[in-house]
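Working notes, beginning with the structure itself.
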Amino acid sequence: MSVFKNVIVYRIEPAWSQTLAEAEEGLGKQRFVPCGPSQEKSAGWVEPRGEANGPLVESIDGQWLVEYMIESKQVPGSVVRRKLDERCAHIEATTGRKPGKKEKKELKEDITLELLPMAFTRSARVTVWIDKAENRLVINSGNASRADEVVTSLVKSLDGFAVALINTQIEPAAAMANWLLTQEPPAGFTIDRECELKASDDSKAVVRYAKHPLDIDEVKQHITDGKRPTRLALTWDDRVSFELTHGLLIRKITFLEGTGDGAAGGKKEDNFDADVAIATGELGQLVPALLDALGGEAAFSAAPADDSVKPATAPAAAPATTAPADAADAAEEEDAPF
């Protein structure tokens with residue numbers, strides 16, 4: 001049940017309509033190819049099941065699943081600096097002059113290219129769920145820049161594809177503050193025992209609670225004093241626990257005991273289908289419930305294809321414009337350095 005861990009949710013342009021075969025053909029034009037000896041990074045689409053030459057789009061109970069692979073090579077900066085110092089010292093010793101800024105830059109680039117074939121390769125796979133019936137795109141990442149890259153690749157691969165980050169009528173931070181002050185979460189949700197509050201003034205003070213009851217006067221006082229919730233742990237319908245952020249990122253998703261009864265065992269491919277069906281089925285109910293709890297969704301307004309991952313402009317009613325996790329959140333969520 002690890003198909004989704006941290007997700008960013010987008011709204012797909014309602015007019016987009018492609019068949020499974022058309023999507024397969026489009027993604028095939030950007031199929032992943034491993035890094036070459038002197039290549040720093042490579043990215044593209046791979047088979048979700050991990051089977052060579054399999055389909056790039058898996059349709060399970062009508063839900064499309066695709067997977068984006070990112071591979072990079074990184075030469076340690078300390079090694080490059082040491083080599084650069086050695087070459088600069090050699091140039092000075094043999095010619096009597098010190099390399100200038102431009103020459104040092106060129107030397108550094110040459111050294112990096114020479115060392116790339118010996119660098120270790122790191123890779124990451126990003127699961128992407130396309131719900132055509134609900135015009136919803138879900139990317140399994142807590143890193144905004146990585147999600148941007150995936151969306152950009154989708155826009156290039158799929159004709160007419162456009163998305164916008166979801167806007168809600170109530171800002172998540174304001175809603176979470178109200179739930180903590182009143183201790184009345186929306187119907188179907190319960191407040192768990194983790195929370196982060198940040199001051200909005202110049203102090204940038206942060207208070208975190210972990211494995212701690214949140215129905216205490218201290219939490220209410222922090223909010224009254226001006227601290228805003230940036231993260232709050234919740235459980236939906238006793239089926240899925242997660243953490244909601246001020247940017248409408250859904251983090252630390254855990255499907256609770258009983259959610260996947262009957263999914264374990266059997267063939268590997270059967271487990272894959274069951275995991276995807278359960279995860280998309282549960283999240284397919286959780287996301288709409290969460291949006292309703294935040295006052296509902298604002299009208300769709302797709303961004304241009306070359307800037308497709310920026311939030312849509314808020315309409316006249318001025319709903320909260322949501323965005324993925326901030327830089328600190330993104331750094332926490334992703335281990336890979338690219």
Side-chain angles (χ1 to χ4, degrees), residues 3-14 16 62-64 128-142 144 147 151 162-180 182 184-192 195 228-256 259 278-303 308-326 329:
V3 179
F4 299 102
K5 179 183 177 183
N6 309 296
V7 302
I8 300 174
V9 184
Y10 301 79
R11 178 61 62 198
I12 301 173
E13 161 60 52
W16 177 71
Q63 305 300 327
W64 292 7
V128 180
W129 165 29
I130 298 174
D131 186 343
K132 288 198 69 180
E134 298 297 331
N135 295 318
R136 187 163 52 223
L137 173 72
V138 178
I139 296 181
N140 184 43
S141 177
V151 171
V163 301
L165 285 166
I166 285 178
N167 294 333
T168 55
Q169 299 291 346
I170 302 174
E171 183 184 14
M176 292 187 288
N178 180 61
W179 301 339
L180 287 168
T182 64
E184 294 182 4
F189 292 85
T190 56
I191 296 173
D192 293 340
C195 178
R228 292 165 60 82
T230 54
R231 301 178 182 179
L232 178 63
L234 299 164
T235 293
W236 170 73
D237 200 29
D238 294 326
R239 301 177 68 81
V240 185
S241 67
F242 64 98
E243 191 173 76
L244 176 65
T245 77
H246 63 293
L248 198 55
L249 171 64
I250 305 173
R251 304 171 69 246
K252 299 183 179 180
I253 296 169
T254 302
F255 298 96
L256 303 181
T259 303
I278 292 168
T280 57
E282 296 297 327
L283 292 179
Q285 298 177 71
L286 165 61
V287 171
L290 184 58
L291 295 179
D292 286 345
L294 295 172
E297 185 179 348
F300 177 87
S301 178
S308 60
V309 293
K310 288 187 178 180
T313 302
T321 300
T322 58
D326 56 27
D329 292 342

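Note that the structure is a prediction, hence the values are computed from the model and not measured.
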**Prompt:** Ile191 and Leu232: side chain to side chain contact (heavy atoms under 4.5 Å, CB included), yes or no, with the steps?
**Reply:** CA-CA 8 Å; Ile191 296 173; Leu232 178 63; 4.0 Å; yes
Check your understanding: Which is it for Ile253 and Leu283 under the side chain to side chain contact (heavy atoms under 4.5 Å, CB included) test, yes or no, and what are the steps along the way?
Key -> CA-CA 10 Å; Ile253 296 169; Leu283 292 179; 4.2 Å; yes
- Evaluate the side chain to side chain contact (heavy atoms under 4.5 Å, CB included) criterion for residues Ile130 and Trp16: first the C-alpha distance (whole Å), next the side-chain angles of each, then the deciding distance (0.1 Å), finally the verdict. CA-CA 12 Å; Ile130 298 174; Trp16 177 71; 4.1 Å; yes
Checking Trp236 against Leu290 for the side chain to side chain contact (heavy atoms under 4.5 Å, CB included) test, could you report, in this order, the C-alpha distance in whole Å, the side-chain angles of both residues, the deciding distance, and whether it holds? CA-CA 9 Å; Trp236 170 73; Leu290 184 58; over 6 Å; no
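Distance alone, capped at 3.5 Å, places no donor-acceptor pair between the Thr254 side chain and the Leu256 backbone. Using a distance-only test at 3.5 Å, with no hydrogens or angles considered, a donor-acceptor pair links the side chain of Arg11 to the main chain of Asn135. Of the possible donor and acceptor atoms, one in the side chain of Asn6 sits under 3.5 Å from a partner among the backbone N and O of Lys252.
A 4.5 Å side-chain heavy-atom check between Val3 and Trp129 finds every atom pair outside the cut-off. You'll find the side chain of Phe4 reaches within 4.5 Å of the side chain of Thr280, heavy atoms only. Within the 4.5 Å cutoff, the side chain of Val9 has no heavy atoms near those of the Leu291 side chain.
Ion pairing between a basic and an acidic side chain is recognised when a charged N comes within 4.0 Å of a carboxylate O; Arg228 and Glu171 show such pairing.
Annotation for His246 and Pro229: closest pair CB-O, 4.0 Å, computed over non-hydrogen atoms. Taking every heavy atom of both residues into account, Leu244 and Met176 meet most closely at O-SD, 3.6 Å. Taking each heavy atom of Trp179 and Ala293 in turn, the nearest pair found is CZ2-O, 3.8 Å. Scanning both residues, Ile8 and Ser141, for their nearest heavy atoms gives CG1-O, 3.3 Å. In terms of heavy-atom proximity, Ala175 sits nearest to Leu294 at CB-CD2, 3.4 Å. The nearest pair of heavy atoms linking Leu180 to Cys195 is CD1-SG, 3.8 Å.
Here CG of Asp131 is found 7.5 Å from CD1 of Ile12. Values are rounded to the nearest 0.5 Å. Note that the CZ atom of Phe189 and the CG atom of Asp237 stand 9.0 Å from one another [nearest 0.5 Å]. Atom CD1 of residue Ile250 and atom CG of residue Asn140 lie 11.5 Å apart, to the nearest 0.5 angstrom.
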